[in-house]
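Read the structure below first, then the notes.
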Amino acid sequence: MAKKTAAAEDPANAGIDTSGDGDEVVDEDVVLEGTIICALTGEAYKDTPDEQTLQSLIEQLLREYEVDPKDMDRDVRLSLEMEDPSSGKVKSQRKAASLVVYEHGKPHEPAHAIRVAVAAKSGTKPAAKKGISELEDILGGINDREEIFGIWTNGSEMAFRMRRFNKRSGIPEFTELTDFPASDESLEDLETADRRPLRVASGDSLLRAFKRCHDYLYGNQNMRGDKAFWQLLHLIFAKILDEQQSRRAFFVGATEGNTPAGQKTVAARIKRLFDDAKTKEFKDVFEGNEKIELNDRSLTYIASELGRYNLLSTDTDAKGTAYEAITSTTLKRERGQFFTPRNVIRMTVEMLDPKAGQKILDPACGSGGFLVVALAHLRRQFLMESGCQYPDVPVPSELKKVQHQLTKYAEKCLYGIDVDPDLRKAARMNMVMNNDGHGNVCCFNSLEYGVPGRKSDAMLDFEKGGGGLGAFDYVLTNPPFGAKIPVDDPDVLKQFDLGHKWERTGDGWTRAEIHKKVAPEILFIENCWRFLKPGTGVMGIVIPNGILGNPGEQMEAVRWWILRNMELLASVDLPAEAFLPQVSVQASCVFLRRRAPSELKMIGPKGPNQAPVFMAIAEDCGHGRRGETRYVRRPDGTEETVVEILTTRWEKGRTISSRERTRKVRVLADDMPWIAAQYRKYTSGNPFERN
């Protein structure tokens, strides 16, 4: 259809829905249940999957494309006069654009529109009536600029378009793109590797990108489960290598993937990059026979999704959430394993506050959550020490300044062990995405470490790298637990005190014969103790509450052993929902210091010395039993809101720019950050705050 004219409509009622999905704006001073506060307008809207998609788009445009919020409107109604080329008749159509970006500082009129976003209803197919054609209709009729760009999404799929007019007929022509330029970029910037910008992923955009990649492989390459995951993982390795070496081979030009020849060129370029990753930089991770098994079209699609982002500079939590999402739905869930919630990990690390030079071990590391968060904790410390005033939103040059220091710390101080070789590889990838340190992630059963005749090559590598019993300042872990996976190997059980039965003798206990089987979480308590430095080493371990409170002589003996050999520093009772909807378990995060041998020699009839214990009950963990997000509520039931100052920073050349904006946000109902802060106050001798 040939473009004629366009006009923006001014809704008479600010509460009228302009997106066509029936959502109404809610009074911004009263945030009711089931609403979400818009990051652009500060108003409250119904919290629906479609609104969440729109909010994700807003955050992308504001933070990844550096759009000034003053240059953007949402829910823009447009009256388009469009000529039907088949009949020559001009028809008037009303369309709704989810977002419109205008030239900086210009009036918010269609003539000045430079970007358009359409967030379709969840499940809308790209080829459907309200699919990508809806975006193209708007781009074709909104103004007569030489070119204008648009983005379309249904929450899971995403597409970019450019509109230009045919110079002879005036008919709009649309070109599929892998990305569109920011306001101060050109299409040419996106076509070549040396000019193409890498965007720091914001909010959940990386999570959505990872899911799109995984779903694409599932739907277009017929790849299931592990296979799709590993293909995606291989490409992430190639992407990281490209960023580390500044090779700029992992990219897809804005229009490069639109032809089979272009797709072939992209595939060849990235396959060479992966071959270098598996045979050179990351050869210790791979067997050497791995291959990229995607066709050229699929490989180009995945590369275009990943190639937009600077993974090394993206926020650790954003990467962790995205990575855990695909890991948990493949490797872990298929093996009956579940990852530790990120807020539990962060609370544990922040309570212990590890410093440079202090060694950390996770003897059941899974995909490496504790190690990655510990690395991020140290990165923040290093950034602050380097003089970075914004350690939570650093730019690439600031990260580069501390990279050598961070890599050395990871090489010397971060260690992980897991018995599953696939999870070990996944943990290494997690570390690589967070600026390396993957070499100390080993594959063996940490419960077998020290068993005569069981020393493997992996155990020898662990020792050569500085690992061993009594070597660590901190052990942080969420071990496997449950009666369905008991340890029954007598050679393993006999090396643990807690692998034996205990008999009460007067005021104490005496070790007797070994058990036939023991739940792994019990053995892991002693296992962690073995790895800690005597006198100073501290563990933060997630254990089921049954260990802390179940009756019975043998469980009493376990508690006696714990308190005799370690000093209890803190105990945080986790909410019942903490591990839901993955698994239902009542657990606590317990912090224990290994006693020095001299302390054990001085134990009197009253038992070992025990300082006051920090104890907390976390009532909220940020989500409900079904995984739904929960927010803090006022006494009248409405949701609490606060005004947040959000700083966006970006770097071009040697110039660092920043922008601050305020937004009203709901307060997540999560007690764990507050508990961590109170523990740090407690250990520094300061009074608690009221919650």
Side-chain angles (χ1 to χ4, degrees), residues 1-9 57 60-62 64-68 70-74 76-86 88 90-118 132-153 158-197 199 251-259 262 304 308 652:
M1 295 182 181
K3 187 275 311 172
K4 286 295 185 181
T5 62
E9 297 183 354
L57 263 181
Q60 278 186 268
L61 291 173
L62 292 176
E64 295 175 20
Y65 294 86
E66 296 144 23
V67 173
D68 190 321
K70 296 177 182 178
D71 296 331
M72 182 161 58
D73 286 338
R74 64 168 285 168
V76 179
R77 279 184 167 179
L78 297 164
S79 180
L80 309 178
E81 289 188 354
M82 310 175 73
E83 180 181 319
D84 188 337
S86 61
V90 176
K91 296 181 179 180
S92 180
Q93 290 191 7
R94 296 174 66 187
K95 297 286 184 179
S98 303
L99 298 168
V100 176
V101 179
Y102 304 92
E103 287 184 89
H104 181 61
K106 294 292 182 68
H108 289 201
E109 298 172 355
H112 302 298
I114 57 174
R115 304 288 183 272
V116 174
V118 172
I132 297 175
S133 61
E134 188 79 357
L135 171 66
E136 292 180 346
D137 283 346
I138 295 173
L139 294 177
I142 193 169
N143 59 32
D144 58 1
R145 302 179 68 87
E146 180 180 346
E147 62 185 21
I148 186 171
F149 300 92
I151 181 173
W152 179 92
T153 183
M158 181 175 285
F160 295 90
R161 289 291 186 270
M162 175 183 66
R163 185 273 293 147
R164 287 175 175 167
F165 291 110
N166 185 288
K167 293 182 179 179
R168 290 186 176 181
S169 66
I171 295 175
E173 296 176 335
F174 303 98
T175 303
E176 182 177 352
L177 306 175
T178 59
D179 193 3
F180 65 21
S183 302
D184 59 346
E185 297 167 356
S186 67
L187 184 65
E188 288 69 29
D189 291 331
L190 305 186
E191 292 284 17
T192 58
D194 58 341
R195 292 172 60 185
R196 182 170 185 136
R199 312 199 189 283
F251 80 99
V252 181
T255 59
E256 188 178 16
N258 293 350
T259 65
S304 68
R308 283 198 294 273
K652 289 190 177 179

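Just so you know, these numbers use all the heavy atoms, side chains as well, and skip hydrogens, waters and symmetry mates. Numbers here simply count residues along the sequence, with the first being 1. Here the structure is a predicted model, which is why all the values come from computation and not from measurement.
When atom types are taken as modelled, the side chain of Arg115 and the backbone of Ala182 share a donor-acceptor pair closer than 3.5 angstrom. No donor-acceptor pair closer than 3.5 Å links the side chain of Asp73 to the backbone N or O of Val76. Asn143 contributes a side-chain N or O that, together with a main-chain N or O of Pro110, makes up a donor-acceptor pair within less than 3.5 Å. With Asn258 contributing its side chain and Glu176 its backbone, the two residues share a donor-acceptor pair below 3.5 Å.
The minimum heavy-atom distance linking Leu187 with Ala254 is given by the pair CD1-CB, 3.7 Å. Closest of all the heavy-atom pairs between Phe180 and Tyr65 is O-CE2, 3.2 Å. Closest heavy-atom contact between Gly253 and Thr178: O-OG1, 3.4 Å.
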**OP:** Run the numbers on Arg94 and Arg77 for side-chain contact (heavy atoms from CB on, under 4.5 Å), then give the verdict.
**Re:** CA-CA 7 Å; Arg94 296 174 66 187; Arg77 279 184 167 179; 3.3 Å; yes
**OP:** Could you check Ser183 against Glu66 for side-chain hydrogen bond (donor to acceptor under 3.5 Å, both in side chains), going step by step and ending with a plain yes or no?
**Re:** CA-CA 8 Å; Ser183 302; Glu66 296 144 23; over 6 Å; no
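A salt bridge does not link Glu173 to Arg164: none of the charged nitrogens lies less than 4.0 Å from a carboxylate oxygen. Looking at Arg195 and Glu188, no side-chain N of the basic residue comes within less than 4.0 Å of a carboxylate O on the acidic one, giving no salt bridge. The existence of a salt bridge linking Lys95 and Glu134 is confirmed by a sub-4.0 Å separation between a basic side-chain nitrogen and an acidic carboxylate oxygen.
Using a 30° and 60° split on the angle between ring planes, His108 and Tyr102 fall in the parallel class, below 30°.
The CZ atom of Arg199 lies 10.0 Å from the CD atom of Gln60; values are rounded to the nearest 0.5 Å.
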